[in-house]
Amino acid sequence: MTDKKDKYYYITTPIYYVNGAPHIGSSYTNIACDVLARFKRLDGYKVKFLTGTDEHGLKVKQAAEAKGVSPQAFTDEVAAMFEGALAPMNISNDDFIRTTEERHKKAAQALWQKLEEAGEIYLDKYAGWYAVRDEAYYTLDELIAGPDKDTMIAADSGAECKWVEEESYFFKLSEYTDKLLAYYEEHPEFIQPASRRNEVMSFVKGGLRDLSISRTTFDWGVPVPGNEKHVMYVWIDALTNYLTALGYPDTSSEEFQGFWNNAFHMVGKEITRFHCVYWPAFLMAAKLPLPKTVFAHGWLTVEGQKMSKSVGNVITPEELISRYGVDGARFVLLREIPFGNDGNFSHENSVNRINSDLANGLGNLAQRTLSMIAKNCEGKVPHHADFNEEDLAVLNDAYGVIESVRAGLDQFKFHEALQEIFRLVNAANGYIDAQAPWTLKKTDFTRMETVLYVLAETIRCLGILVQPVMPDSASKILDQVAVTEKARDFTCLTKEHALKVGTELPVPQGVFPRLELEEKAA
């Protein structure tokens with residue numbers, strides 16, 4: 001175990017912009033962060049897991065006006081949808097932040113004042129191409145011609161940009177070019193994966209311009225302290241949420257320091273620049289530590305197509321649960337696509353993966369082992385003789401695989417961590433086939449008991465290991481091998497916590513039903 005000072009873990013999703021309902025993309029990020037939070041709790045860490053909604057900006061104001069409601073009423077409705085989507089997907093967040101909350105306004109204004117006192121903010125006038133959809137300004141080299149002389153198109157996002165001129169406060173971002181590059185070089189883990197790091201470094205090496213951080217043409221935002229004609233431009237407001245949830249501007253508590261010194265931001269790649277350029281510059285200016293890592297994952301397509309309401313392929317959290325069950329949905333989203341890459345979500349691939357890994361793999365291993373114990377060992381953990389080399393190979397693997405799983409998750413390689421767990425599943429299924437306890441029942445009953453004990457103990461370890469990804473299914477597995485609630489963390493993945501011979505086991509029940517492709521699951 002690590003030292004106490006290292007035992008804090010702060011994991012955050014991006015705060016989701018309230019311009020649409022939750023979909024598979026937000027579920028993907030939420031599940032990834034939830035797996036990390038659950039894993040670290042089981043590994044002995046104090047964990048803070050934050051998600052929430054970004055509720056200010058011109059885009060929100062316009063959407064509210066289009067619906068004929070106030071911006072606050074509009075954001076209340078959409079924020080409730082995002083918060084309501086968490087429990088059905090078994091997301092274990094510790095906090096849900098809304099940027100319209102008073103605690104957040106207080107934190108954002110405190111950070112602004114800190115930057116102003118440091119001489120990092122000045123008042124001037126801004127003129128440039130602005131995209132309402134992206135809440136971002138673009139330079140000419142980032143634009144392509146639009147449909148008319150008054151419109152340009154952002155090359156990366158396709159958003160329409162209009163020329164804007166107004167009074168604005170600016171943050172002295174241009175002074176941070178060298179500081180940021182030096183930090184990236186000294187802390188290669190700060191931006192992950194490496195492809196995003198290379199993109200950000202290339203952008204910063206091109207030179208940074210001072211950043212407009214306030215607006216006067218609308219009033220839906222956090223007022224600038226001392227000049228309420230201005231509201232904070234969305235990113236200095238939104239990014240501060242990560243501090244708000246820890247009690248900022250109070251930075252004196254052990255929890256603030258423990259969590260903020262061990263902060264990990266999970267974001268979609270479309271907001272990498274804001275988190276990896278603007279945010280560290282703000283924090284440097286405010287003399288605050290930077291997060292350990294910003295991990296920018298890729299985009300999901302659905303059946304080979306970009307998600308689109310017009311195409312009709314937007315998948316909601318409710319649809320994921322309906323098709324695959326909660327744990328099945330959580331599993332396939334992280335098992336099928338290397339995290340960090342763009343990837344395609346396919347119903348056929350998902351059903352095949354659930355059937356092969358869960359129904360035929362882990363589920364079949366548990367069902368046939370525990371059924372044999374129920375029929376042949378009076379429904380109790382069987383006795384065992386001395387273990388031979390084949391037995392010890394499986395048991396040692398079951399106790400030791402946590403190390404490679406931990407290494408994978410510490411690098412955000414969810415698919416590799418799951419590959420390790422299911423390598424053990426395959427090894428255990430190979431062991432049961434090779435040992436053939438159904439044959440040993442007739443020829444060597446004592447050896448059969450030993451084999452079944454090894455398998456039951458391996459199932460115990462697998463149940464503990466899969467808890468972060470499939471908490472409900474893992475609980476059912478652990479219940480079936482009579483593991484108490486207090487014996488389910490990772491310290492119990494040792495022979496000292498092995499199943500006790502003679503412990504009564506409940507009647508085994510199947511955990512992972514097979515899915516039928518034609519029915520798109522049930």
Side-chain angles (χ1 to χ4, degrees), residues 14 54 56-58 107-131 134-143 154-157 159 161 164-187 190-191 196-216 221-222 224-227 230-243 265 267 269-291 294 296:
D54 179 6
H56 289 132
L58 180 57
Q109 289 179 327
L111 182 64
W112 182 286
Q113 288 173 317
K114 191 84 171 174
L115 300 179
E116 200 167 39
E117 289 165 6
E120 300 290 343
I121 292 175
Y122 63 92
L123 185 63
D124 204 336
K125 289 191 175 180
Y126 182 84
W129 292 99
Y130 179 72
D134 294 348
E135 298 283 10
Y137 291 101
Y138 289 99
T139 58
L140 274 176
D141 61 354
E142 298 174 294
L143 300 169
D156 284 346
S157 71
C161 301
V164 173
E165 295 187 23
E166 63 179 307
E167 182 179 80
S168 176
Y169 282 94
F170 286 79
F171 173 73
K172 296 178 180 177
L173 186 64
S174 61
E175 297 183 1
Y176 285 83
T177 301
D178 293 340
K179 295 175 186 176
L180 288 169
L181 289 172
Y183 192 86
Y184 302 152
E185 292 287 353
E186 292 167 11
H187 300 86
F190 176 64
I191 306 171
R196 307 282 180 263
R197 181 172 180 268
N198 295 338
E199 290 167 6
V200 170
M201 290 188 72
S202 177
F203 173 76
V204 175
K205 285 175 181 177
L208 298 174
R209 300 188 308 156
D210 288 351
L211 181 68
S212 172
I213 55 171
S214 75
R215 302 294 301 276
T216 60
V222 178
V224 168
N227 188 352
H230 289 253
V231 294
M232 294 183 193
Y233 170 54
V234 64
W235 287 106
I236 195 167
D237 164 7
L239 290 163
T240 307
N241 89 88
Y242 304 124
L243 296 173
H265 297 328
V267 301
K269 69 177 184 179
E270 71 278 6
I271 52 175
T272 306
R273 180 186 306 179
F274 309 113
H275 283 79
C276 297
V277 181
Y278 302 170
W279 186 223
F282 294 158
L283 292 169
M284 287 176 178
K287 303 294 190 289
L288 287 167
L290 274 58
V294 177

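- Checked by atom type, the side-chain pair Arg209/Tyr137 shows no donor-acceptor distance below 3.5 Å.
- Applying the 6.0 Å contact sphere to CG of Asn227 captures more than 12 heavy atoms from other residues, nucleotides or ligands.
- Side-chain contact, Thr139 with Glu142: a donor N or O sits under 3.5 Å from an acceptor N or O.
- Between Leu288 atom CG and Leu283 atom CG the span is 6.0 Å, to the nearest 0.5 Å.
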- Item | Verdict with supporting geometry, Thr216 and Glu167, side chain to side chain donor-acceptor pair (under 3.5 Å) | CA-CA 7 Å; Thr216 60; Glu167 182 179 80; over 6 Å; no
- Begin from the C-alpha positions of Leu211 and Tyr278 and carry the test side-chain contact (heavy atoms from CB on, under 4.5 Å) through to its verdict. CA-CA 8 Å; Leu211 181 68; Tyr278 302 170; 3.6 Å; yes
- Message: For a ring-ring contact (aromatic ring centres under 6.0 Å, His included) check, start with the C-alpha distance between Tyr176 and Phe171, then their side-chain angles and the critical distance, and finish with the verdict.
- Response: CA-CA 10 Å; Tyr176 285 83; Phe171 173 73; 5.6 Å; yes
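- Residues Ala286 and Leu111 share a closest heavy-atom pair of CB-CD1, 3.7 Å.
- A distance of 13.0 Å separates NZ in Lys205 from CG in Leu180, rounded to the nearest 0.5 Å.
- In this structure, Lys114 places its NZ atom where only 12 or fewer heavy-atom neighbours from other residues, nucleotides or ligands lie under 6.0 Å away.
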- Item | Verdict with reasoning, Thr240 to Met232, per side-chain contact (heavy atoms from CB on, under 4.5 Å) | CA-CA 11 Å; Thr240 307; Met232 294 183 193; over 6 Å; no
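- The distance from atom CD1 of Ile213 to atom CZ of Phe282, rounded to the nearest 0.5 Å, is 6.0 Å.
- Residues Leu115 and Ile236 meet the side-chain proximity criterion, which asks for heavy atoms closer than 4.5 Å.
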